[in-house]
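Predicted model, so just to flag it, every value in this text is computed and none were measured.
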Amino acid sequence: MKFKFSYIAFSILWIGATSCSKDFLDRRPRDLIIEEDAYGSQSGIEALTVQLYNDMLLEDFSYQVAEEAGFMSTVTDEAVRSYTWGAGVINGTVLGNWFGSWDYAKIRRVNSFIEKIPSATVSDDLKSRFLAEARFIRAFHYFQLVKRYGGVPLLTKTQQYAFGEDVSGLFVDRSKEDEIYTFIAEEIDAIKNDLPTDAPAADINRINRYTALALKSRAMLYAASIAKYGQVQINGLVGIPATKAESYWRSSLTASGEIMDAQAYTLYDSDGDKVINFQNLFLKENNSEIIYEKVYRTPDVGHNYDFYNAPQSFKVDYGCATNPTLDLVEEYEYVDGTSGELKVTDAQGNPILYSNPADLFKNKDPRLMATVMLPFSSWQGGILEIRRGVIKDGAKITAENLTTGYPEASATFKLVGKDGPLTTADPTKTGFYVKKSMDPGKRVNYGESVAPWVVFRYGEILLNHAEAAYELGQNQLALADINAIRQRAGIAPKQSISLNEIRHERKVELAFENHRLWDLRRWRTATTVLNNTQLHALYPWLVWEEGKQPGAMKYIFEKVNAPKNTRTFPEKLYYEPVPQGATPYIQNPLY
């Protein structure tokens, strides 16, 4: 007798009489049953579906690419890692396979579900809904694979293996990269009309028709970029023929347009203060802009983003991990649309004295203040004191700790601000801390953060639409999209548009949402942008005046190299190395 592998048990989630008032994904394990029995009831099928949702690699707050608290932004030009331990890994030579996700067990689970749902004892309408969700999740898995590896084995049926059989018979060759993107598009087209356009409160965090279209919008944008800017290699296992770029741009444009035309979502613009408004976009669940997000509920399900990223004097324990770069800060324009370069010197090159250090950032794009914690800004009822040291009679006086006083060692006033910056230890290395998605009201311990992770939002759809439209020569359409984003942000509209300006808008609008690395990879610009690139910091210095209290003294600002923080991106890292098993796959170029 041959025994076949299968998933024979799973955590089923108790769904009682009050389940209709709960969020679909807010379930807790209560019992174990045989998988086959689950298809005999709606509650059992829902339990299986929750498992499929949990399998999705959302690249959320818990997604770390190297070392503990090694967030994806810290391997781009958005931020540097504060911790000196592990920094050699992140800031050294990139070896590849940081972002890998070769997990076919999850695809097997989806395929098994897809095969069994037609015989489930629920209504045909429910079967269609569950089947559509599962096919979306499978398409999402393949998108996460293809953007990492290019062409991968395309499995749409469960493989059966009996003990004693030759496993080589299960080997499936890699499909071409173009074939995987085509599969994703075809799956979305096949299922989108089986997904609802609206849902009761209990289903608010489930996949709907617009979630599916948002995936298509993003995935087809990636495919088009790779076709236009990439190179076909190893017979199409990586790369897409340039002749297919236009069709992919159009596919992305159409998917984005369907979402826009439905008017089911709008740019979040409910708060009068533009800074607070953009900040709340990432704190308020299911606001008008959110197409799909991951929600958290403590004490059962929380994340650690606040714990790892809190400023030095506001942290519970770790803190400080992600330090936005000066390079990113200066990408944010002034509200009149002029260059965002900070004015630290006058026309003669002399340092500008600021009585109020916050004036350096006056009239900057409000998204900056909602995304990045700036020196001497307010936070959780206190002030972010960022000062590198004192300048007296033209000489810089500093320390590599937060405790040295001035002018005497025991003085209350400290040379370095309570939040840094330092070139060693934990406090910020750049003069900034990350703010987007951070809780502004309280200190948050390990595992207790509840800010939702935004997977798809309307702002991204407008940016996708703009990029695809511009690449297709529809400049006025692209301009309208970009100006809608800028109007919500509170900055001047543009009169014309270029591809670089569209890419700039993506960088500032989507900062710290884990888009930047993938954008640089699909545009094939990472080898330039991150080619032995030195990133930068901003150091505030107090100009000492005898006889005055420090609070009455002025500040100057110095732009410096971020200590021990450069970026290197070899060409091979446009794709991850393909895992090699007993029957090896064709390896990606340069590995």
Side-chain angles (χ1 to χ4, degrees), residues 73 76-78 217-218 220-222 224-229 245-246 248-250 252-253 256-257 260 267 269 274 278 281 289 324-343 361 363-372 436 457-530 533 535-536:
S73 60
T76 72
D77 52 353
E78 289 182 334
S217 166
R218 185 188 295 178
M220 298 304 99
L221 193 74
Y222 280 42
S225 300
I226 292 162
K228 181 171 182 178
Y229 302 108
E246 181 175 341
Y248 279 125
W249 292 127
R250 292 194 183 281
S252 177
L253 187 76
S256 301
M260 295 161 65
L267 292 173
D269 204 9
K274 291 295 187 181
F278 197 69
L281 164 59
E289 187 162 340
T325 62
L326 174 62
D327 311 73
L328 174 66
V329 168
E330 292 195 316
E331 287 283 336
Y332 290 87
E333 302 163 41
Y334 287 89
V335 293
D336 63 0
T338 56
S339 167
E341 184 178 357
L342 294 174
K343 302 172 178 64
F361 306 96
N363 295 324
K364 285 278 278 184
D365 183 339
R367 289 176 294 185
L368 170 62
M369 282 68 81
T371 303
V372 176
K436 183 182 279 189
R457 65 180 176 95
Y458 190 65
E460 183 206 342
I461 299 305
L462 287 177
L463 290 166
N464 294 351
H465 193 259
E467 185 176 339
Y470 186 88
E471 293 279 11
L472 290 168
Q474 301 179 41
N475 294 19
Q476 290 304 305
L477 201 59
L479 179 63
D481 296 330
I482 295 301
N483 279 339
I485 292 281
R486 293 171 69 87
Q487 179 181 4
R488 188 269 296 277
I491 60 177
K494 290 188 171 292
Q495 303 305 312
S496 61
I497 198 69
S498 69
L499 184 59
N500 283 339
E501 288 171 323
I502 292 170
R503 292 179 176 183
H504 158 84
E505 208 66 41
R506 283 188 72 91
K507 184 176 183 180
V508 298
E509 173 75 15
L510 302 177
F512 301 105
E513 297 177 51
N514 288 352
H515 289 276
R516 180 65 175 166
L517 178 73
W518 303 115
D519 283 345
L520 292 175
R521 286 176 75 160
R522 69 183 175 88
W523 294 329
R524 296 300 192 259
T525 57
T527 44
T528 300
V529 174
L530 304 178
T533 300
L535 300 172
H536 299 91

Original post:
Using 4.0 Å as the upper bound for N to carboxylate O, is an ion pair formed by Arg503 and Glu467?
Top reply: no

**OP:** With sequence neighbours excluded, tell me which residues meet side chain to side chain donor-acceptor pair (under 3.5 Å) with Thr338.
**Re:** Asp336

Original post:
Which atom pair, heavy atoms only, marks the closest approach of Leu267 to Tyr458?
Top reply: N-CD2, 3.7 Å

Subject >> side chain to side chain contact (heavy atoms under 4.5 Å, CB included) against Lys364, all qualifying residues, sequence neighbours excluded >> reply: Tyr332, Tyr334, Leu342, Phe361, Leu368, Met369

Original post:
side chain to side chain donor-acceptor pair (under 3.5 Å) with Arg218: which residues, sequence neighbours excluded?
Top reply: Glu460

Subject >> OG1 on Thr525 to CG on Leu530, rounded to 0.5 Å >> reply: 8.0 Å

**OP:** Apply salt bridge (Lys or Arg N to Asp or Glu O under 4.0 Å) to Lys343 and list each qualifying residue two or more places apart in sequence or on a separate chain.
**Re:** none

Subject >> salt bridge (Lys or Arg N to Asp or Glu O under 4.0 Å) partners of Asp481, counting only residues at least two apart >> reply: none

Subject >> Ile485 vs Glu505, side-chain contact (heavy atoms from CB on, under 4.5 Å): CA-CA, chis, key distance, verdict >> reply: CA-CA 8 Å; Ile485 292 281; Glu505 208 66 41; 4.1 Å; yes

Original post:
Who pairs with Glu246 by side chain to side chain contact (heavy atoms under 4.5 Å, CB included), at least two apart in sequence or on another chain?
Top reply: Arg250, Leu472

Original post:
Is the backbone N or O of Ala492 less than 3.5 Å from a side-chain atom of Arg486, with the two atoms forming a donor-acceptor pair by type?
Top reply: yes

**OP:** Under the ring-ring contact (aromatic ring centres under 6.0 Å, His included) rule, collect the residues that match up with Phe512, sequence neighbours excluded.
**Re:** none

**OP:** Please step through side-chain contact (heavy atoms from CB on, under 4.5 Å) for the pair Leu463 and Leu510, ending with a clear verdict.
**Re:** CA-CA 10 Å; Leu463 290 166; Leu510 302 177; 3.9 Å; yes

Original post:
Are a donor atom and an acceptor atom from the side chains of Gln474 and Trp249 found within less than 3.5 Å of each other?
Top reply: no

Subject >> Minimal non-hydrogen separation, Ile491 against Pro366, with atom names >> reply: CG2-CD, 4.0 Å

**OP:** Evaluate the side-chain contact (heavy atoms from CB on, under 4.5 Å) criterion for residues Lys436 and Val372: first the C-alpha distance (whole Å), next the side-chain angles of each, then the deciding distance (0.1 Å), finally the verdict.
**Re:** CA-CA 7 Å; Lys436 183 182 279 189; Val372 176; over 6 Å; no

**OP:** Taking salt bridge (Lys or Arg N to Asp or Glu O under 4.0 Å) as the test, write out the residues that go with Glu289, two or more places apart.
**Re:** Arg457, Arg488

Subject >> With Phe278 via ring-ring contact (aromatic ring centres under 6.0 Å, His included) - residues at least two apart >> reply: Phe282

Original post:
What pair of heavy atoms forms the shortest contact from Gly257 to His465, and how long is it?
Top reply: N-CD2, 3.9 Å

Original post:
Atom OG1 in Thr371, atom CG in Leu328: separation rounded to 0.5 Å?
Top reply: 8.0 Å

Original post:
Side-chain donor-acceptor pair under 3.5 Å between Asn464 and Ser217, yes or no?
Top reply: yes

Original post:
Hey, what do you get for OH (Tyr470) to CD1 (Ile482), rounding to the nearest 0.5 Å?
Top reply: 11.5 Å

**OP:** Of all the heavy-atom pairs spanning Ala478 and Ala466, show the shortest one and how long it is.
**Re:** CB-O, 3.3 Å

Original post:
Can Arg522 and Leu221 be said to form a side-chain contact (heavy atoms from CB on, under 4.5 Å), step by step?
Top reply: CA-CA 9 Å; Arg522 69 183 175 88; Leu221 193 74; 3.4 Å; yes

Subject >> Residues Lys274, Asp269: salt bridge by 4.0 Å N-O rule >> reply: yes

Original post:
Looking at NE2 of His515 and CG of Leu520, how far apart are the two atoms once the value is rounded to the nearest 0.5 Å?
Top reply: 13.0 Å

Original post:
Listed by chain and number, what are the side chain to side chain contact (heavy atoms under 4.5 Å, CB included) partners of Glu331, not counting sequence neighbours?
Top reply: His504, Lys507, Val508

Subject >> Glu78 versus Ser73, closest heavy-atom pair with distance >> reply: OE1-CB, 3.2 Å

Subject >> Gap between atom OH of Tyr248 and atom OG of Ser225 - 0.5 Å precision >> reply: 12.0 Å

Original post:
With sequence neighbours excluded, what pairs up with Arg516 under the salt bridge (Lys or Arg N to Asp or Glu O under 4.0 Å) test?
Top reply: Asp77

Original post:
Mind checking what makes side chain to side chain contact (heavy atoms under 4.5 Å, CB included) contact with Glu501, not counting sequence neighbours?
Top reply: Lys494, Ile497, Ser498

Original post:
Of the non-hydrogen atoms in Ala489 and Asp365, which two are nearest, and what is the gap between them?
Top reply: CB-OD1, 4.1 Å

Original post:
Could you give the distance from CG (Asp327) to OG1 (Thr76), rounded to the nearest 0.5 Å?
Top reply: 10.5 Å

